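Everything on this sheet refers to the single structure shown next.
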Amino acid sequence: MTVIQKKSDNPIAHLTAEDIETIGRELDAIRDRVVASRGERDAAYIRKVIATQRRLELGSRAVLLFSLFPPAWVVGTAGLAVAKILENMEIGHNVLHGQWDWMRDPKIHSTTWEWDHVSPADQWKHSHNELHHRYTNVVGKDNDLGYGIMRVDEDQPWHPMHLGQPLWNFVNACFFEYGIAAYDLELGKNLQQGRHRDPQFRARAKAVGRKIRRQVLKDYVLHPLLSGPSFLSTLAATFTANLIRNLWSHSVIMCGHFPEGVETFEKRSIEGETRGEWYLRQMLGSANISGSRLLHLMTGNLSFQIEHHLFPDLPSNRYQEIAPEVRALFDRYGLRYTTGSLPRQVFSAWRKVFRLSLPNRTPAEPSPADPSPADDRPARALAPSLGG
C-alpha cells in the first residue's frame, strides 16, 4: 500500500492533465443529471426504508419481551440486529451526508437527524464528511486510514507495537460504535497532547458521554426491564444485536478503503488540487463490493463506495444506477475499478492488516529528492497535485 507517488508502476502515469479534467467534467455531468432528476421516486424510497426499519425494530423488541423462549430470542435478536444495521448504514449514514436534504423534510434532514449510535451526529459529520471525504486516503490527513491505531502504509515506520494491530482491529470491530466515538473526539491525540482540559474538548467529551448514557439506558436498562423475567436474556440479545451491527459495519467500511488495489496519497500531492484531481483521488482511493440488491441495502449502498466517494450527497439508491457509467469511465481511461465479493474484500483487507503489522520484507522505495526522468514523467503529466 505504498503511496501512489512512490510507485514505479504509477497507475495514472499515462493520464495527461487534460485527461484528468475531462474525467472531472464527465463526472460532473453524471452528477448534474442525477440532481436534476431527483424526485418522488427517491423520496418514496427513503420513507419506505425508514418505515420498514422502525417496524422491524419495534417488532423485534416486542418479540424480545419473551426472550426466555429460545425461538423468541433468536428471532428478536436477528431482527434487532438487521434493524440496527439498516438504521446506521442506509439511513443514518446517508441522511447525515445530506443526501435527502433536498426534500426539505425536517424529519429526514442532516441538521436534525440523530442516529442510533454513541457518536453524536454533529461530531461524526465533522470527522467523516468534512475531513475523511475531503482528504480521502491522504496519509497523515485522513485519519480513517487505520483510525490512528494501525500501520496502513509500507512507508510508515514499523514499531514492535504494530504486531498487535490485528488484535486491536478485531476489538475495534466488536465495539466499533465506541471506537468511532473515540475517533471523532481524537481521544488519543488530545489526551497525549494534554488537551483534556481544553474547554472545547471537554464540551465534546461531555456530549459523547450524554449520548452513551442515552444509548445504554435504552438498550441495556429500559428494554430489558420491560421484559420482566426475561431481563437477562433480553440484555444478552441486545448486546448480541449491537455486536453483529458493529462487526458488519466495520467489515463494510474496511472493504471500502483497505483491500488490495486501493491507492494512498502523500500529503503534498493535494496542494493546489483541481476538481478533476479530487475526483481521480476518490476513484483510486475507494473499492466496491459486488453482490445482490439486498447486500447493497444492508451496506447502506456503501458497496458502491467508489460512487459514494465521487458523489457523497447524491441519494444512495442512485449509486447502483450510475455505477455502470462510472465503471465505463474507468475502462475508457485505463484505470482499475477495484471491486469484489464481500468475502474476497474482507479477506483482502484483513490480509493487509496482518501484513503491515510486520516489518517490510524489502525496504520501502525511498522518495528521491531529485527524481529520475521516469519518476518525473507522471509528475509532469499530472501536474503538481497528483503527480508528486
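In this text, all values refer to a predicted model and were calculated from it rather than measured experimentally.
Among pairs with a residue in residues 71-90, those fulfilling salt bridge (charged side-chain N to carboxylate O under 4.0 Å, His left out) read K84-D116, K84-D219, at least two apart in sequence or across chains. Applying the salt bridge (charged side-chain N to carboxylate O under 4.0 Å, His left out) rule to pairs touching residues 163-179 yields E177-R245, sequence neighbours excluded. Pairs engaging residues 36-90 under the ring-ring contact (aromatic ring centres under 6.0 Å, His included) rule: none recorded [sequence neighbours left out]. Listed by first and then second residue, the salt bridge (charged side-chain N to carboxylate O under 4.0 Å, His left out) pairs that reach into residues 48-57 are E57-R61, sequence neighbours excluded. Among pairs with a residue in residues 288-314, those fulfilling salt bridge (charged side-chain N to carboxylate O under 4.0 Å, His left out) read R31-D313, at least two apart in sequence or across chains.
Remark: K211 pairs with E114 by the salt bridge (charged side-chain N to carboxylate O under 4.0 Å, His left out) rule, at least two apart or across chains. Partners of D122 under the side-chain contact (heavy atoms from CB on, under 4.5 Å) rule, at least two apart in sequence or in another chain, are P120. For R213, the side-chain contact (heavy atoms from CB on, under 4.5 Å) partners are R210, not counting sequence neighbours. Scored by the side-chain contact (heavy atoms from CB on, under 4.5 Å) test, F231 finds P224, L225, L235 as partners (sequence neighbours excluded). By the salt bridge (charged side-chain N to carboxylate O under 4.0 Å, His left out) test, D198 pairs with no residue at all, sequence neighbours left out. For D184, the salt bridge (charged side-chain N to carboxylate O under 4.0 Å, His left out) criterion is met by no residue, not counting sequence neighbours. Every residue two or more places apart in sequence or in another chain was checked for a salt bridge (charged side-chain N to carboxylate O under 4.0 Å, His left out) with E21, and none qualifies.
When side chains are defined from C-beta on, N169 counts as touching M254, because their heavy atoms get closer than 4.5 Å. Using a 4.5 Å cut-off on side-chain heavy atoms (C-beta onward), E260 and R351 make contact. By the 4.5 Å heavy-atom criterion applied to side chains, F258 and M150 are counted as neighbours. Between H162 and L356, the closest side-chain pair of non-hydrogen atoms is not below 4.5 Å. In this structure, the side chains of D142 and F265 stay at 4.5 Å or more apart for every pair of heavy atoms. Between I46 and D42, the closest side-chain pair of non-hydrogen atoms is not below 4.5 Å. Side-chain atoms of R318 and R41, non-hydrogen and from C-beta on, do get closer than 4.5 Å to each other.
Remark: side-chain polar atoms of T238 are not paired, donor with acceptor, to backbone N or O of Y220 under 3.5 angstrom. In terms of modelled atom types and a separation under 3.5 Å, the side chain of T136 and the main chain of H132 share a donor-acceptor contact. The closest donor-acceptor contact from the side chain of R151 to the backbone of E154 lies under 3.5 Å. Here the side chain of S37 pairs a donor or acceptor atom with the backbone of V34 at under 3.5 angstrom. Proximity of a side-chain donor or acceptor of Y319 to a complementary backbone N or O of F311 within less than 3.5 Å is detected. The closest donor-acceptor contact from the side chain of S357 to the backbone of F354 lies under 3.5 Å. Looking at H128, its side chain never comes within 3.5 Å of a backbone N or O of H133 through a donor-acceptor pair. Looking at H109, its side chain does come within 3.5 Å of a backbone N or O of T111 through a donor-acceptor pair. Of the possible polar contacts, none joining the T77 side chain to the V74 backbone as a donor-acceptor pair under 3.5 Å is found. At distances below 3.5 Å, at least one donor-acceptor pair connects side-chain atoms of N246 with backbone N or O atoms of N242.
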task: Just do the side chain to side chain contact (heavy atoms under 4.5 Å, CB included) check on I289 and S341 with the steps written out, would you?
output: CA-CA 5 Å; I289 306 169; S341 67; 5.9 Å; no

task: Please assess D105 against R47 for the test side chain to side chain contact (heavy atoms under 4.5 Å, CB included), listing each intermediate value before the final yes or no.
output: CA-CA 11 Å; D105 184 341; R47 289 190 173 114; 3.3 Å; yes

Side chain to side chain contact (heavy atoms under 4.5 Å, CB included) assessment of V262 paired with L284: CA-CA 6 Å; V262 173; L284 300 172; over 6 Å; no

field: Audit row: R281, N137, side chain to side chain contact (heavy atoms under 4.5 Å, CB included) steps and yes/no
entry: CA-CA 8 Å; R281 180 158 53 84; N137 280 27; 5.7 Å; no

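Counting non-hydrogen atoms of neighbouring residues, nucleotides and ligands closer than 6.0 angstrom, the CZ atom of R332 exceeds 12 such neighbours. Other residues, nucleotides and ligands contribute over 12 non-hydrogen atoms within 6.0 Å of the CD atom of E130. Environment of NZ in K218: crowded, with over 12 heavy atoms of neighbouring residues, nucleotides or ligands closer than 6.0 Å. Within 6.0 Å of the CZ atom in R344, the count of heavy atoms belonging to other residues, nucleotides or ligands does not exceed 12.
One distance of note links CZ of F239 with CD1 of I244; it measures 10.5 Å at 0.5 Å rounding. With rounding to the nearest 0.5 Å, the separation of CG in L226 from CG in L64 is 11.5 Å. One distance of note links OG1 of T299 with CZ of F304; it measures 8.0 Å at 0.5 Å rounding. Considering NE2 of H250 and CG of N172, their distance stands at 5.0 Å, rounded to 0.5 Å. The CG atom of L329 sits 10.0 Å away from atom OG1 of T22, with the distance rounded to the nearest 0.5 Å. Between the CG atom in L65 and the OG atom in S233 there is a gap of 10.0 Å [rounded to 0.5 Å].
Put simply, the residue from R275, Q282, E277 that forms a side chain to side chain donor-acceptor pair (under 3.5 Å) with Y279 is R275. For the side chain to side chain contact (heavy atoms under 4.5 Å, CB included) with M298, the lone residue among L302, L295, L294 that qualifies is L294.
Inspection of the H308 and N94 side chains reveals no N or O donor paired with an N or O acceptor under 3.5 Å. In this structure, a donor-acceptor pair under 3.5 Å is present between the side chains of T16 and D19. A donor-acceptor pair shorter than 3.5 Å can be found between the side chains of S67 and T234. Side-chain polar atoms of N301 and N317 form no donor-acceptor pair below 3.5 angstrom.
When ring centroids are compared, F330 and Y337 come within the 6.0 Å threshold. Aromatic rings from H309 and H257 are positioned such that their centres are separated by under 6.0 Å.
Note on ring orientation: taking the six-membered ring where Trp is involved, the planes of H97 and W124 are perpendicular (angle over 60°, cut-offs 30° and 60°).
Nearest heavy-atom pair, P259 versus Q345, reported as atom, atom and distance to 0.1 Å: CB-OE1, 3.9 Å.
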